[in-house]
Amino acid sequence: MIGRLNHVAIAVPDLEAAARQYRDTLGAKVGAPQDEPDHGVTVIFIELPNTKIELLHPLGENSPIAGFLERNPAGGIHHICFEVDDIAAARDHLVAAGARILGDGKPKIGAHGNPVLFLHPKDFNGTLIELEEAR
Ligand code: CO
């Protein structure tokens, strides 16, 4: 059911420093910061030949990654994102298998403009998994 690894998201305490490190030290193609007020984050996408890295930094009050950075002040891997062809079918299959969907269970529009869902990390070996309907 799952397809390509779309991205690995890393929560970072200093977005500019992290972007500089990926661009200058690691030699990657680093995009511009994008504010995502609906998701409470500012993101920078890094394009790799086979996938992307998504740098996440809190935006505004009640950011969902503020608590993560409190527990992991140096930053850390926050989630991984797999592509699926049909997100509603994937959701129904996972719910039937006993997995929990975060939030109200309805796909939301993610940072790439495609529908996304998050799966409960306790159901997947402590890993927060995002599913994105690839277009
Ligand atoms: Co993501």
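Throughout, numbering of the chain's residues begins at 1 and tracks the sequence. We count ligands from 1, going down the list as the structure has it; atoms in each ligand are counted the same way.
An angle of 90° is found at the Co ion (ligand 1) between His79 atom NE2 and Glu130 atom OE1, rounded to 10°. Here the Co ion (ligand 1) is the vertex; the NE2 atom in His7 and the OE2 atom in Glu54 give an angle of 90° (to 10°).
Residue side and main chain included, Cys81 places no N/O/S atom under 2.8 Å of the Co ion (ligand 1). Not one N/O/S atom of Glu132, from backbone or side chain, sits under 2.8 Å from the Co ion (ligand 1).
Side-chain contact between Leu15 and Thr42 is present, with at least one heavy-atom pair separated by less than 4.5 Å. Between Ile53 and Leu48 the shortest side-chain heavy-atom distance falls below 4.5 Å. Leu94 is listed as a side-chain neighbour of Met1, based on a closest heavy-atom distance under 4.5 Å. Within the 4.5 Å cutoff, side-chain heavy atoms of Leu117 are placed close to those of Ile87.
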